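Just so you know, these numbers come straight off a predicted model, no measurement behind them. FYI, side chains are in, hydrogens and waters are out, and symmetry mates aren't considered; it's all heavy atoms of this structure.
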Amino acid sequence: EHSKRCDVLEIRLRSLEHDDKVAALWQIYQLRHDELDDKTAAFDVAVRLFNLKPEDERIWDNLNTLAEASDDEAKWQQMSRLYADIPADEENDDEWRYEILRRRALIVEEKLSNETDSVVLWENLYAHDNEKLENIEHLEKLYKNSSAYEKLVKLLEFKANLSDFSDNERIAIELEVAQIYEDILEKSEEAIRVYRAVLDIDSTCDDALSALERLYASCEKWPELATLLEDEQSIYSDSDKLKAIRIRLAEVCDSYLADYERAIECYRNVLETDCSDDVLSASDGLLKKLVNTDVEKAADYRAAFPRNA
């Protein structure tokens, strides 16, 4: 009886106008799905409904449910092709169109495992709404999977500036960006820029400070390194850390900046609280160098380092 009812409705469809045809197809769908329990036939009817009224969200949901239940990749492929016929762009910018594009992107990425096409689809969605976290997070995963690091760092830097994140979350994102610039893309200048951006959020971030010390040294940016080490003296309270910073600053001032007065000051600050052999040895090296370089000031230099003299 239900099958005959479907046949009658199919015959009537030929003479119906659009809205009545949609209503009749819904009746056929319900009969196929609920009464006859023919999910394959119901899926085919849902496809016909979509072609008539693609903006109806109920149809999308039914297609998705039937495809999930069938566990048939062919149905996902058919849905992807079906959704591909619905343009979503500047000339066709209805939100329902972008929702169909989103559903297609999910199908292509998660059901069909096509990363290349997935990137294109999610990039289109990101271009439409670049502040939507779902678009960003899917692209982030896809860029990582495909080693598209140039795209990834730009995406992550934009993400870090969204209002959705706390300062700690922003720092974590920026540190990831800086690490990619430094270790993978080998762009030290960009890494420095991003690490400095981290310090703008938290001037005491140890990861950023340590990275900048390393990068300034490897790039031979000695004035910048000296300034950083000066700033660090007001950040750290641990005596061993302060000692290491001051000795490092003294070495930079001595070896690379020829700023001997500053180097002397650093060593004297350390010697006020620490006269261990390593400190005495380092400061003695500077003293001997200065005495041999400028004999006339030898007495002044020795006076600056009474313990060494």
Subject >> Ionic contact status for E224 with R196, cut-off 4.0 Å >> reply: no

Subject >> Atom CG of N92: over 12 foreign heavy atoms under 6.0 Å >> reply: yes

**OP:** Could you check if a side-chain atom of K75 sits within less than 4.5 angstrom of a side-chain atom of L66, using non-hydrogen atoms only?
**Re:** no

Original post:
Any side-chain heavy atom of L121 sitting closer than 4.5 Å to one from S118?
Top reply: no

Original post:
Checking N135 side chain against D129 main chain: does a donor-acceptor pair fall under 3.5 Å?
Top reply: yes

Subject >> Distance-only side-chain donor-acceptor flag, D61 / N64, under 3.5 Å >> reply: no

**OP:** Supply the atom-to-atom distance I107 CD1 to Q78 CD, rounded to the nearest 0.5 angstrom.
**Re:** 11.0 Å

Subject >> Short N-O contact, E176 and K159, less than 4.0 angstrom >> reply: no

Original post:
Would you say the side-chain atoms of E95 and H128 include a donor-acceptor pair closer than 3.5 Å?
Top reply: yes

Original post:
With a 4.5 Å limit on heavy-atom distance, are the side chains of L229 and Y216 in contact?
Top reply: no

Original post:
Would you say E123 has more than 12 foreign heavy atoms packed within less than 6.0 Å of its CD?
Top reply: yes

Subject >> Any side-chain heavy-atom pair of W122 and I136 under 4.5 Å >> reply: no

Original post:
Looking at side-chain heavy atoms only, is the closest gap between L13 and I28 below 4.5 Å?
Top reply: yes

Subject >> Candidate pair E10 and R48, rule salt bridge (charged side-chain N to carboxylate O under 4.0 Å, His left out), full reasoning >> reply: CA-CA 12 Å; E10 288 287 359; R48 293 164 67 191; 2.8 Å; yes

Original post:
E150 versus Y143: any side-chain heavy-atom pair under 4.5 Å?
Top reply: no

Subject >> Side chains of D206 and Y236, donor plus acceptor under 3.5 Å >> reply: yes

Original post:
Of the options D94, D85, I86, which is the one that meets I100 in a side chain to side chain contact (heavy atoms under 4.5 Å, CB included)?
Top reply: I86

**OP:** Among R214, R193, K187, find the one that has a salt bridge (charged side-chain N to carboxylate O under 4.0 Å, His left out) with E182.
**Re:** R214

**OP:** Could you tell me whether R170 and D167 make a salt bridge, using a distance below 4.0 angstrom between a side-chain N and a carboxylate O?
**Re:** yes

Subject >> Result of checking I173, V177, I171 against L175 for side chain to side chain contact (heavy atoms under 4.5 Å, CB included) >> reply: I171

**OP:** List in chain and number order the residues that pass side-chain hydrogen bond (donor to acceptor under 3.5 Å, both in side chains) with T204, two or more places apart in sequence or in another chain; answer none if no residue qualifies.
**Re:** D202

Original post:
Which word best sums up how the rings of Y83 and F50 line up, parallel for under 30°, tilted for 30 to 60°, or perpendicular for over 60°?
Top reply: tilted

Original post:
So H33 and Y29, would you call those rings parallel, tilted or perpendicular, with 30° and 60° as cut-offs?
Top reply: parallel

Original post:
Between atom CZ of R97 and atom CG of D89, what is the distance when rounded to the nearest 0.5 Å?
Top reply: 8.0 Å

**OP:** With rounding to the nearest 0.5 Å, note down the distance linking CG in L112 to CG in D117.
**Re:** 9.0 Å

Original post:
Under 4.5 Å between any side-chain heavy atoms of Q27 and R5, yes or no?
Top reply: yes

Original post:
Is the number of heavy atoms from other residues, nucleotides or ligands within 6.0 Å of NZ (K154) greater than 12?
Top reply: no

Original post:
With E109, which of K141, R103, R102 fulfils salt bridge (charged side-chain N to carboxylate O under 4.0 Å, His left out)?
Top reply: K141

Original post:
Using a distance-only test with no angle check, is there a side-chain donor-acceptor pair under 3.5 angstrom linking W60 and E99?
Top reply: no

**OP:** Mark yes or no for whether R32, through its side chain, and D38, through its backbone, hold a donor-acceptor pair below 3.5 Å.
**Re:** no

**OP:** Verify side-chain hydrogen bond (donor to acceptor under 3.5 Å, both in side chains) between E213 and Y195, making sure each step is shown before the conclusion.
**Re:** CA-CA 11 Å; E213 284 186 36; Y195 281 126; over 6 Å; no

